[in-house]
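The next block holds one structure in the form of structure tokens; read it before the comments.
The sequence lines fix the lettering, A, B, ..., with proteins before strands; numbering per chain opens at 1.
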2 protein chains.
Amino acid sequence: MLVYYLRSMARIKIEKNTSRKEVIVSKAASLFREKGFKAASMRDLAEAVGVEAASLYNHIKSKTELLHELCFGVANRFMHHMDQVEAKKTNSIDKVEELVRFHINEMINHYEEVYVSDREWKHLSDPYLSNFQNQRRMYRKRFAAIIETGIRNKEIKAIDAPTAVLIILHAIGGIESWHRSTKKIDADALTSNMITILVGGLKND
Amino acid sequence: MLVYYLRSMARIKIEKNTSRKEVIVSKAASLFREKGFKAASMRDLAEAVGVEAASLYNHIKSKTELLHELCFGVANRFMHHMDQVEAKKTNSIDKVEELVRFHINEMINHYEEVYVSDREWKHLSDPYLSNFQNQRRMYRKRFAAIIETGIRNKEIKAIDAPTAVLIILHAIGGIESWHRSTKKIDADALTSNMITILVGGLKND
DNA sequence: AATCATTGCTAACACATGTTAGTATATTAT
DNA sequence: ATAATATACTAACATGTGTTAGCAATGATT
């Protein structure tokens with residue numbers, strides 16, 4: 001059967017040095033953040049990319065793969081940064097401050113991915129799910145260990161280190177709200193406010 | 001057509017002074033927290049309640065109604081408590097501490113509902129959605145106003161009050177992790193740790 | 001110009017979803 | 001006991017879902 005097309009086919013627009021898959025993953029991040037992984041459909045994603053749903057599968061394996069890419073992309077960046085911080089020869093408070101700064105930066109510069117990785121990892125399927133949870137647990141353990149060292153050195157108040165880690169991580173995750181807000185506080189002011197409250201609350205003075 | 005049933009019909013078990021609808025709403029809270037609102041199906045819920053999916057509709061209007069009940073139930077409790085705190089004649093730090101204590105208590109005693117209200121309100125539909133968002137905004141404004149009063153009185157460090165509110169609220173939201181953890185820290189210790197870090201970080205000393 | 005890989009399209013599938021209709025069974029009130 | 005109400009069941013519906021098959025257009029390579 002012969003079919004005549006009057007308008008030309010759509011095409012995923014790419015910039016220099018970015019694959020079409022990267023474009024899809026990036027749009028998926030926005031969409032998953034906005035509606036949640038389950039509520040965001042492949043047809044929604046296709047529309048955002050400017051193409052039909054089926055066409056996406058020339059570039060990706062499945063919807064879940066998109067979530068993998070996002071979650072592990074973020075997790076790997078955090079793990080790599082933790083390696084660097086641990087290797088440094090500074091005191092514990094400075095290490096904590098550097099971790100906090102990195103988190104805030106990631107939240108500001110890679111907002112959508114970080115947010116999705118934080119909130120939607122539940123929907124990973126099982127070889128990946130356990131893997132992700134392990135990485136998460138490890139990261140928190142290492143973070144807590146730094147705080148515990150600080151407590152032994154009397155740099156930091158004698159609080160429960162794992163509790164402190166959770167407080168810090170979740171507090172930073174709350175930056176979401178500014179991205180929706182119109183009167184955005186500038187990044188530097190935001191960072192220094194958070195450092196004051198979070199690190200200030202730990203310090204033994 | 002005549003049908004003979006060999007086993008008796010299931011029935012939603014209720015305790016004294018609880019309607020069957022309340023049982024459903026409560027099970028829905030667990031389920032929505034565990035899988036997310038979109039991923040949790042009415043058939044899942046039916047199974048958790050011990051009944052067929054269609055039977056649920058003798059007690060509830062729709063799946064979304066369940067989310068309404070949960071979200072506004074929680075929101076109303078917080079609003080009511082805010083009324084009480086504002087009416088008190090204590091200083092700002094004490095008011096903040098009381099708000100924090102209430103949040104922690106709610107998180108511990110009504111964990112599932114609070115969690116769902118916090119994470120799944122996005123899936124409300126529009127007359128309710130705007131309403132909920134407004135309530136949320138109002139609550140945060142009133143919280144921030146208390147902190148600002150404290151700053152003017154030199155009780156509290158000169159930080160950005162809305163930032164402080166977000167940090168506090170999200171930090172408390174992070175208690176989730178303990179409910180999954182086996183070695184649960186006891187509630188009092190948890191609370192005092194959080195007060196130390198959060199309120200301690202605000203205090204001007 | 002011919003060939004081949006890439007990328008898009010339409011159509012369709014199998015399945016899960018929320019919900020309703022109609023009916024049977026339990027419980028409560030008369 | 002009878003009637004009335006509350007609650008459950010089976011069956012089915014319409015719709016939305018992720019995904020695949022098969023083919024058409026485009027771009028790159030020879």
A/H103/A/Y139 aromatic ring centres below 6.0 Å
yes
Mind listing the residues from residues 56-70 of chain A sitting with a heavy atom below 4.0 Å of DNA chain D? Number order is fine.
A/Y57, A/S62, A/K63
Within this structure, what is the CZ-to-P distance between A/R11 and D/dT26, rounded to whole angstrom?
9 Å
Within residues 44-52 of chain B, which residues have any heavy atom lying less than 4.0 Å from an atom of DNA chain D?
B/V51, B/E52
With sequence neighbours left out, what residues match A/S130 under side chain to side chain donor-acceptor pair (under 3.5 Å)?
A/D126
Contacts of type side-chain contact (heavy atoms from CB on, under 4.5 Å), residue B/E148, not counting sequence neighbours:
B/R152, B/A161, B/P162
So what does A/A39 touch, heavy atoms closer than 4.0 Å: a base, only the sugar-phosphate, or nothing?
nothing
For A/E112, check salt bridge (Lys or Arg N to Asp or Glu O under 4.0 Å) against everything at least two apart and list the hits.
A/R33
Kindly write out the residues that satisfy side chain to side chain donor-acceptor pair (under 3.5 Å) with A/D83, not counting sequence neighbours, or none if the list is empty.
A/R142
Regarding A/S55, tell me which of base, sugar-phosphate or nothing describes its non-hydrogen contacts under 4.0 Å with the strands shown.
base
So, using ring pair (Phe, Tyr, Trp, His ring centres under 6.0 Å) as the criterion, who are the partners of A/F102 when residues are at least two apart?
A/F78, A/H81
Mind checking what makes ring pair (Phe, Tyr, Trp, His ring centres under 6.0 Å) contact with B/F32, not counting sequence neighbours?
B/F37
Among residues two or more places apart or on two chains, list those pairs meeting salt bridge (Lys or Arg N to Asp or Glu O under 4.0 Å) that have a residue in residues 98-110 of chain A.
A/R77-A/E106, A/K88-A/E98, A/E97-A/R101
Can you name the atoms? Protein N/O to nucleotides 12-15 of chain C N/O, anything below 3.5 Å, with the distance.
none

Residues two or more places apart in sequence or in another chain: which of them pass side-chain contact (heavy atoms from CB on, under 4.5 Å) with A/L31?
A/A40, A/D44, A/L45
Those residues at least two apart in sequence (or on a different chain) that pass ring pair (Phe, Tyr, Trp, His ring centres under 6.0 Å) with A/H59 are none
